[in-house]
Amino acid sequence: MAPWGKRLAGVRGVLLDISGVLYDSGAGGGTAIAGSVEAVARLKRSRLKVRFCTNESQKSRAELVGQLRRLGFDISEGEVTAPAPAACQILKERGLRPYLLIHDGVRSEFDQIDTSNPNCVVIADAGESFSYQNMNNAFQVLMELEKPVLISLGKGRYYKETSGLMLDVGPYMKALEYACGIKAEVVGKPSPEFFKSALQAIGVEAHQLLSV
């Protein structure tokens, strides 16, 4: 059996990252990485179950899927596991009211979340919203809580756009951890629970998975 044949033996599902794997984000909607549209199409024609797993936190799933479809990808919103919806579920289950330090593009994912009198902070890749004032507001919310809760949508150091490398949420998350003497709860990659939710969505066990 060929090396790839051995590797794929017993594989029933594939988890695909999006940014930097399928496309590079940037002005005008970004660009598809060479061969990625065709690769996704071939996977979907195969016997394998496919799930898209992303730490994208500047766009809602609807906006992200619309952008990918315009680039030629066959993908639906229901096939995407993203950190914002997962964070919303946690907030509801634990009765948490967040101060949102997030990008305006993903704010719609939190429309059903109570943000009055915050008792936690949710931080994401906020882009230009990572101002001193907004960071300090988040810091003050956390410092006023007896048991501060900081939820971060991922912890990446940087990511690639067509214009070059960009700072991700991780450095800002670390700044709040250091200033407040706390540890953030990461929702998104590389959290094991995040990957488990993606596997549950396609009904595949970890040992039956190929992740790209």
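Heads up: numbering here begins at 1 and tracks the sequence. The structure displayed is predicted, hence computed values, not measured ones. Hydrogens, waters and symmetry mates play no part in the numbers below; they use all other heavy atoms, side chains included.
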Testing V186, D168, V121 one by one against M173 for a side chain to side chain contact (heavy atoms under 4.5 Å, CB included), which residue passes?
V186
Carefully, step by step, assess R97 and S116 under the rule side-chain hydrogen bond (donor to acceptor under 3.5 Å, both in side chains).
CA-CA 6 Å; R97 303 178 305 277; S116 62; 4.6 Å; no
Are any side-chain N or O atoms of D125 and backbone N or O atoms of V169, one a donor and one an acceptor, separated by less than 3.5 Å?
no
D24 (side chain) donor-acceptor with E161 (main chain) under 3.5 angstrom
no
With distance as the sole test, does R69 use its side chain to make a donor-acceptor pair with the main-chain N or O of I75 at under 3.5 Å?
yes
Per the salt bridge (charged side-chain N to carboxylate O under 4.0 Å, His left out) rule, what does the pair list look like for residues 76-90, sequence neighbours excluded?
K44-E79
When Ile, Leu, Val, Met, Phe, Trp and Tyr are grouped by side-chain heavy atoms lying under 4.5 Å apart, directly or through other members, which residues fall in the same group as Y178?
none
Spacing of CG belonging to N136 relative to CG belonging to L101, to within rounding of 0.5 Å:
11.0 Å
What is the minimum heavy-atom distance between A124 and L153, and which atoms define it?
CB-CD1, 3.8 Å
Can you name the nearest heavy-atom pair linking P85 to E109, along with the distance?
CG-OE1, 3.9 Å
Can you confirm whether more than 12 heavy atoms, excluding those of R107, are under 6.0 Å from its CZ atom?
yes
Please report the shortest heavy-atom distance between G30 and Q67, naming the atom on each side.
N-NE2, 4.4 Å
How far apart are the closest heavy atoms of L145 and V149, and which atoms are they?
CD1-N, 4.4 Å
When rounded to the nearest 0.5 angstrom, what is the spacing between SG in C120 and NZ in K147?
15.0 Å
List, by chain and then residue number, the residues other than L165 in its hydrophobic cluster (Ile/Leu/Val/Met/Phe/Trp/Tyr, side-chain heavy atoms under 4.5 Å); write none if there are no others.
Y158
Taking every heavy atom of P98 against every heavy atom of P118, the minimum-distance pair comes out as C-CB, 3.9 Å
What's the separation between atom OG in S152 and atom CD1 in I123, rounded to the nearest 0.5 Å?
5.5 Å
Any chance you could measure K59, atom NZ, to L68, atom CG, to the nearest 0.5 Å?
8.5 Å
Any chain of hydrophobic side-chain contacts (each under 4.5 Å) joining V80 to V37?
yes
Around atom CD of E93, are there more than 12 heavy atoms from other residues, nucleotides or ligands closer than 6.0 Å?
yes
To the nearest 0.5 Å, what is the distance between OG on S191 and CG on N55?
9.5 Å
For residues 111-153, which residue pairs qualify under ring pair (Phe, Tyr, Trp, His ring centres under 6.0 Å), counting only residues two or more places apart or in two chains?
F130-Y172
Could you go step by step and tell me if K92 and I113 meet the side-chain contact (heavy atoms from CB on, under 4.5 Å) rule?
CA-CA 7 Å; K92 291 175 182 178; I113 299 297; 3.8 Å; yes
Any F52 side-chain heavy atom under 4.5 Å of R61 side chain
no
Would you say Q208's side chain and R12's backbone share a donor-acceptor pair under 3.5 angstrom?
no
Report the C-alpha separation of I18 and E56 in whole Å, then their side-chain angles, then the decisive distance to 0.1 Å, and conclude whether the side-chain contact (heavy atoms from CB on, under 4.5 Å) test is met.
CA-CA 8 Å; I18 295 178; E56 173 63 63; over 6 Å; no
Closest non-hydrogen atom pair, F110 against L91:
CE2-CD1, 4.1 Å
Checking the side chain of K49 only, and the main-chain atoms of I202 only, is there a donor and an acceptor separated by less than 3.5 Å?
yes
CA sep, side-chain torsions, deciding dist, call: I151, I90, side-chain contact (heavy atoms from CB on, under 4.5 Å):
CA-CA 10 Å; I151 296 175; I90 291 171; 4.3 Å; yes
Can you run down the salt bridge (charged side-chain N to carboxylate O under 4.0 Å, His left out) pairs that involve residues 178-191, sequence neighbours left out, and say none if there aren't any?
D17-K189, R94-E185
What's the verdict on side-chain contact (heavy atoms from CB on, under 4.5 Å) for S25 and Y23, showing C-alpha distance, side-chain angles and the deciding distance?
CA-CA 6 Å; S25 59; Y23 88 117; 3.7 Å; yes
Test your reading of the model: is there a side-chain donor-acceptor pair from S60 to the backbone of S108, 3.5 Å cut-off?
no
Measuring from atom OG1 of T81 to atom NZ of K196, what distance do you get when rounded to the nearest 0.5 angstrom?
14.5 Å
So, using side-chain contact (heavy atoms from CB on, under 4.5 Å) as the criterion, who are the partners of R157 when residues are at least two apart?
none
Any heavy-atom pair between the side chains of Y99 and L142 that's under 4.5 Å?
no
